[in-house]
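Along the sequence shown, residues carry numbers from 1.
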Amino acid sequence: MSLDAHLATLEQRHSALNEEIASAHTKPAMSDAEIQELKRRKLQLKDEIERLRQSTH
C-alpha cells in the first residue's frame, strides 16, 4: 500500500470515528468511558497521520 493510500485510509477512519463520537453524544446507551475510548482512538489516528505526513517532508 502506498503512503498516500495509507494516509487516505487513516483519514477515513478518523472521520468515521468523529461521526461516531458525535452520534454517541445523542445516544444515552453510550457510557462516558466508551466515548472516551472512541476519542482516544481518534487522537491516536490523528497522531499517526501527522507523523506520516512529517516523515514525507
Side-chain angles (χ1 to χ4, degrees):
M1 178 184 297
S2 73
L3 181 60
D4 289 337
H6 186 57
L7 277 170
T9 300
L10 291 175
E11 288 170 347
Q12 288 172 344
R13 287 173 48 199
H14 184 269
S15 179
L17 276 172
N18 197 39
E19 291 173 17
E20 191 174 348
I21 290 167
S23 176
H25 284 292
T26 64
K27 296 178 185 174
M30 276 286 237
S31 72
D32 288 342
E34 290 171 314
I35 293 172
Q36 284 302 105
E37 176 62 21
L38 292 174
K39 288 180 178 181
R40 185 187 64 77
R41 289 179 18 215
K42 180 182 165 195
L43 183 58
Q44 285 178 327
L45 284 172
K46 180 182 175 187
D47 289 345
E48 185 175 353
I49 290 167
E50 289 303 314
R51 182 182 57 78
L52 289 171
R53 284 188 178 146
Q54 292 298 319
S55 71
T56 62
H57 293 127

* Gap between atom CD of Glu20 and atom CG of Asn18 - 0.5 Å precision -> 10.5 Å
* Structure fact -> Closest non-hydrogen atoms of Thr26 and Ser23, given as atom of the first, atom of the second and distance, are OG1-O, 2.6 Å
* 4.5 Å side-chain heavy-atom contact, Arg40 and Gln36 -> no
* Using a cut-off of 6.0 Å, state whether more than 12 heavy atoms not belonging to Asp32 lie near its atom CG. => no
* Closest heavy-atom contact between Ile49 and His14? -> CD1-CB, 4.3 Å
* **Nearest-0.5 Å distance that lies between atom OG1 in Thr9 and atom CG in Leu45** => 11.0 Å
* Rounded to the nearest 0.5 Å, how far apart are CD1 of Ile21 and CE of Met30? -> 8.5 Å
* Distance (rounded to the nearest 0.5 Å) between Lys42 NZ and Glu19 CD -> 10.5 Å
* Structure fact -> CG (Leu43) and CG (Leu17) are apart, to the nearest 0.5 Å, by 11.0 Å
